[in-house]
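All values reported here derive from a predicted model rather than from experimental measurement. Each chain gets a letter, A, B and so on, in the order the sequences are listed, and its residues count up from 1.
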Protein chains: 2
Amino acid sequence: MTLSLLDRTSVLPLYYQIQQGLLDQIRSGTLKAGDAVPSEQEIAERLGVSRMTARQALKSLRDIGVTYTERGRGTFVSANKLEKNIRQVLSFTEEMAARGLRASSKVLSFETVQAGEEIAAALHIQKGDTLFKLQRIRMADKSPMGIECSYIPQHLCPDLLKTFDPAASLYRTLSERYGVRMTVADEVVEAALVSAQDARMLQIPRGSPVFVFTRVSRVQSGQAVEYVKSTYRADRYKITHRLTRLNQELLTK
Amino acid sequence: MTLSLLDRTSVLPLYYQIQQGLLDQIRSGTLKAGDAVPSEQEIAERLGVSRMTARQALKSLRDIGVTYTERGRGTFVSANKLEKNIRQVLSFTEEMAARGLRASSKVLSFETVQAGEEIAAALHIQKGDTLFKLQRIRMADKSPMGIECSYIPQHLCPDLLKTFDPAASLYRTLSERYGVRMTVADEVVEAALVSAQDARMLQIPRGSPVFVFTRVSRVQSGQAVEYVKSTYRADRYKITHRLTRLNQELLTK
DNA sequence: TTGTACTAGCTGTCTATACAACTAGACGTG
DNA sequence: CACGTCTAGTTGTATAGACAGCTAGTACAA
């Protein structure tokens, strides 16, 4: 077992360098599923760091699920793969890229509207507040994948109507121009039959199955910043995600 | 701001007691969304622990998403709710209970079969290895919710055919009798039209939309232990889940 | 053979301390 | 008013050490 040496002049923290070194070895297959990762002691001695620093590096690997720990035995590489295409908060462009497809969009409408009951409740704003409404057809490799309709409170990005280039990524614009970075989202997924109107736009037969997503995206503070309703073709689109078992003690009480 | 005192004679770690104390205050509304949580310093002084212990408690809260941190400013309560019914690895019984429904099952078949190509690949076993196959209709409040078919390698639980009471929970039996605790699962979700046969069993019209789940459940080490294929009624069943944005640095390389 | 005691090695928890990096506000100067 | 400077408070990183609790193996005794 080799451990790459640390760059003590780097701005990158030591625990992060250690984490990345181990991750490299796991990705490259030097460390295989089931193998023992070097112990905290060993890392500490070999790299000349304190045990707590080594521990922090190992903990970060465990947190993302690539290793697991058995008390009194050691830390081992898990057989869980770091999959790029597990469902997470991504822009459509990013998500299609992860699937190896080229994303594009066709804007159907882009306007301001007044918030109705449901959206106001979801976004924690007043009924009647002004929202941007952006409706797009989402295309992957030039054929339609879904219809998406986003609502965003105007006060978060007052001049969006002027500054937003519909060809660009909405998420990127919000992040770069307004500092609004969505990091968590709650989503309800339904399976349904496509409506006649949607069937035309999606170029699928009437009565085809579709996914209907209702998503509320949030920033780090938990503040809801986007309400999205979308309809995706079930013949082209599948959901791939990873479930974990949460700590029951935290939820039940 | 009050902080409940610690029990130094308890087997529960100090950081855990602190975490629970803060969690109680958040749940009870004493600490509301956006409020500042006591700083590491303050917790350390008031409870007589070291700063690193206080830090560990705060980090555990951040990890589960109930707080977030701004460097140089402090730690704050997030508006994310700890929801019971976000999608996670649960037995059917547990999941229905979280939705306020009473689960029951009807066993259609319970037998051993030889693994085919697809399942062998998913479970990392040899084609032809012996599997238990358990096919059930899942009922919620006495009406059908879905059809589920589980495959489990025989070597994990050799005498399951004899010991398993079909009225009991498969997950609980595996956990208690064989120490097989599934903690993570990868799932593919499709939307489709119900087959004629399934429509009869689910008591829904032909051509209704359904969810089709293909799930591989794993234990902590990442070893796959269960392959499940299920068909759920879309008129009664919705998916509710929480997405997060993963650290891109970890995935892209 | 069975069980007990011991040991080496591992992770889990906790302390005490230090310095770096950042935020927000107060204060003074031009 | 605008712009630095300073300071108090906060989180981030890192060190060195201590003891508890668990695992797996070894050695020894009954």
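- Every side chain to side chain contact (heavy atoms under 4.5 Å, CB included) that A:Gln126 has, sequence neighbours left out, goes to A:Asp129.
- A salt bridge links B:Arg27 with B:Asp24: the closest approach of a Lys/Arg side-chain nitrogen to an acidic carboxylate oxygen falls below 4.0 angstrom.
- In this structure, A:Arg99 does not pair ionically with A:Glu94, as no charged nitrogen and carboxylate oxygen lie closer than 4.0 Å.
- By the ring pair (Phe, Tyr, Trp, His ring centres under 6.0 Å) test, A:Phe92 is found to be paired with no residue, residues two or more places apart in sequence or in another chain being considered.
- Salt-bridge check for A:Lys81 with B:Asp186: failed, with every basic side-chain N at 4.0 Å or more from each acidic carboxylate O.
- In this view, B:Ala79 and B:Ala33 satisfy the side chain to side chain contact (heavy atoms under 4.5 Å, CB included) rule, not counting sequence neighbours.
- Residue B:Met52 is the one, among B:Met52 and A:Gly72, whose nearest nucleotide of DNA chain D lies closer to the 5' end (criterion: closest heavy atom).
- The nucleotide range of DNA chain D contacted by chain B, defined by atoms under 4.0 angstrom from heavy atoms of the protein and reported 5' to 3', is D:dG9 to D:dA14.
- The ring pair (Phe, Tyr, Trp, His ring centres under 6.0 Å) check on B:Tyr178 picks up nothing, with sequence neighbours excluded.
- Nearest-nucleotide assignment on DNA chain C puts the 5′-proximal partner with A:Gly74, out of B:Pro13 and A:Gly74.
- Taking a heavy-atom distance under 4.0 Å as the criterion, the stretch of DNA chain C touched by chain A extends 5' to 3' from C:dG9 to C:dC14.
- Using a 4.0 Å cut-off between charged side-chain N and carboxylate O, A:Glu95 and A:Arg87 make a salt bridge.
- Of the two residues contacting DNA chain C, namely B:Glu70 and A:Arg73, the nearest-nucleotide position lying further toward the 5' end is that of A:Arg73.
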